[in-house]
Structures are given as C-alpha cells and as structure tokens.
Amino acid sequence: MRLSLAALGLALTLCTGARAAGDFSDWGAVVVAGDYHAHDGSEAEVFDNARRDMSARLQAMGFKKENVLQFSVRPERYAPPPLRSDTQTIANALWDLSNRTSAGCLIYMTSHGSPDGIQIGDGIFPPKAMANMVSNAC
C-alpha cells in the first residue's frame with residue numbers, strides 16, 4: 001500500500017564552512033518531484049507544483065538560482081525543463097552541486113512513499129540509499 005505524502009521528506013545536512021545566519025547563497029538544493037499520479041492512479045500535477053513552488057521559495061530565501069536543481073519524472077512538460085527524476089541523475093547532480101557550494105545541502109522530495117522509501121519514477125528509493133547519497137555528496 002502506498003502512502004501519499006504531500007512532502008515525503010526534507011533532509012538538511014550541514015557541511016563544514018562558515019556562513020552568516022540566514023545566508024543561503026552558498027547552499028545547494030535538490031528539489032525532486034518523484035511521481036505524477038494521484039492516489040487513485042490518475043494524472044496529477046501536485047508533485048510538480050510542489051517542486052516548482054519550493055524552488056521559487058528557496059530562491060526567495062536567498063539560494064542562488066543556479067544552486068537550486070529541479071527534477072521531474074516528466075521534464076518535457078515544463079519550461080524551462082527540470083532534470084529527469086531518477087536516482088542516479090539526482091545523485092550525480094547532488095555530487096556536482098556539492099562540489100561548487102560549501103555551506104550546506106538541502107534535499108526536498110515530494111512523491112508517494114512508505115517505510116520502504118520514496119517513489120521515484122517506477123521505483124522506490126530506500127532510506128538507506130538516500131542516506132548514502134547525502135553522505136557521499138554533503
């Protein structure tokens with residue numbers, strides 16, 4: 001049984017380095033829409049709407065636009081197109097992002113999920129794999 005969550009998780013990992021309180025200009029953020037289905041299987045924009053809105057909010061808080069990477073399972077539907085949501089692309093992008101930012105990493109994912117993990121496309125991204133991705137990059 002899938003548990004629908006408006007926002008599955010927000011993982012915040014602080015990296016070394018000094019930063020001013022409230023200064024997010026040297027932070028990196030990954031914002032992922034992991035699915036495009038409602039609980040009944042019909043198409044829904046809820047996850048991509050959350051991706052779009054969260055990315056805008058992070059930029060309003062002081063994250064640099066180029067340091068907020070967006071992912072969608074249907075990137076061709078949006079302009080400008082986000083990156084494709086798949087675990088390897090997300091991990092690679094987070095790695096690259098963390099090598100050009102030094103203050104911290106923020107990961108925001110919205111999709112369906114369960115204790116087994118978050119749905120990304122047709123698969124499940126387990127918590128342990130998420131923890132490894134964050135540990136490697138941040």
- Query: Among all residues two or more places apart in sequence or in another chain, which pass the salt bridge (charged side-chain N to carboxylate O under 4.0 Å, His left out) test with Arg84?
  - Reply: Glu76
- Query: Between the side chain of Ser72 and the main-chain N/O of Pro82, is any donor-acceptor distance below 3.5 Å?
  - Reply: no
- Query: With sequence neighbours excluded, what pairs up with Ser135 under the side-chain hydrogen bond (donor to acceptor under 3.5 Å, both in side chains) test?
  - Reply: none
- Report the distance from atom OG1 of Thr89 to atom CD1 of Ile120, rounding to the nearest 0.5 Å. 11.0 Å
- Item | Any Cys138 side-chain heavy atom under 4.5 Å of Leu94 side chain | yes
- Item | side chain to side chain contact (heavy atoms under 4.5 Å, CB included) against Ala56, all qualifying residues, sequence neighbours excluded | none
- Task: Kindly write out the residues that satisfy side-chain hydrogen bond (donor to acceptor under 3.5 Å, both in side chains) with Asp40, not counting sequence neighbours, or none if the list is empty.
- Result: Ser42
- Task: Compute whether any side-chain donor of one residue and acceptor of the other, for Ser102 and Asp26, lie under 3.5 angstrom apart.
- Result: yes
- Query: Residues in side-chain hydrogen bond (donor to acceptor under 3.5 Å, both in side chains) with Asn136, at least two apart?
  - Reply: none
- Item | Residues that Arg74 engages under salt bridge (charged side-chain N to carboxylate O under 4.0 Å, His left out), provided they are two or more places apart | Glu43, Glu45
- Message: Between Ile107 and Met130, is there a side-chain heavy-atom distance shorter than 4.5 Å?
- Response: yes
- Minimum heavy-atom separation for Ala93 to Phe71, with atom names? CB-CZ, 3.6 Å
- Item | Worked check of side-chain contact (heavy atoms from CB on, under 4.5 Å) between Phe125 and Met133 | CA-CA 11 Å; Phe125 192 33; Met133 179 186 75; 4.0 Å; yes
- In terms of hydrophobic clusters joined by side-chain contacts under 4.5 Å, are Trp95 and Leu106 together? no
- Query: Mind checking what makes side chain to side chain contact (heavy atoms under 4.5 Å, CB included) contact with Ala33, not counting sequence neighbours?
  - Reply: Phe47, Asp48, Arg51
- Message: With a 4.5 Å cut-off on side-chain heavy-atom distances among I, L, V, M, F, W and Y, is there a chain of contacts connecting Ile124 to Val32?
- Response: no
- Message: Test of understanding: clusters of I, L, V, M, F, W, Y form through side-chain heavy atoms closer than 4.5 Å, transitively. Do Tyr78 and Val31 belong to the same one?
- Response: no
- Task: Each residue besides Val73 in its hydrophobic cluster should be listed here, by chain and number; the cluster joins Ile, Leu, Val, Met, Phe, Trp and Tyr at side-chain heavy-atom distances under 4.5 Å.
- Result: Tyr36
- Task: For Ala44, enumerate each residue passing the side chain to side chain contact (heavy atoms under 4.5 Å, CB included) test, keeping only those at least two apart in sequence or located in another chain.
- Result: Ala38, Val46
- Angle class for the Phe63/Phe24 ring planes (parallel below 30°, perpendicular above 60°, tilted otherwise)? parallel
- Message: Is it the case that the side chain of His112 and the backbone of His37 share a donor-acceptor pair, with hydrogens and angles ignored and the cut-off at 3.5 Å?
- Response: yes
- Task: Could you list the residues that satisfy side chain to side chain contact (heavy atoms under 4.5 Å, CB included) with Leu97, not counting sequence neighbours?
- Result: Val30, Asn67, Leu69, Arg100, Thr101
- Note on the structure: Ala137 and Ser98 have their tightest heavy-atom pair at O-OG, 2.8 Å
- Message: Could you work out, with side-chain hydrogen bond (donor to acceptor under 3.5 Å, both in side chains) as the rule, every residue matching Ser85, not counting sequence neighbours?
- Response: none
- Message: For a quick test of reading the model, state the closest non-hydrogen atom pair linking Pro75 to Pro81 and the distance between them.
- Response: O-CB, 3.5 Å
- Do any N or O atoms from the side chain of Glu66 and from the backbone of Val68 form a donor-acceptor pair under 3.5 angstrom? no
- For Pro127 and Pro115, which heavy atoms make the closest approach, and how far apart are they? CG-O, 4.0 Å
- Which residue pairs pass the salt bridge (charged side-chain N to carboxylate O under 4.0 Å, His left out) test when at least one of the two sits in residues 113-131, sequence neighbours left out? none
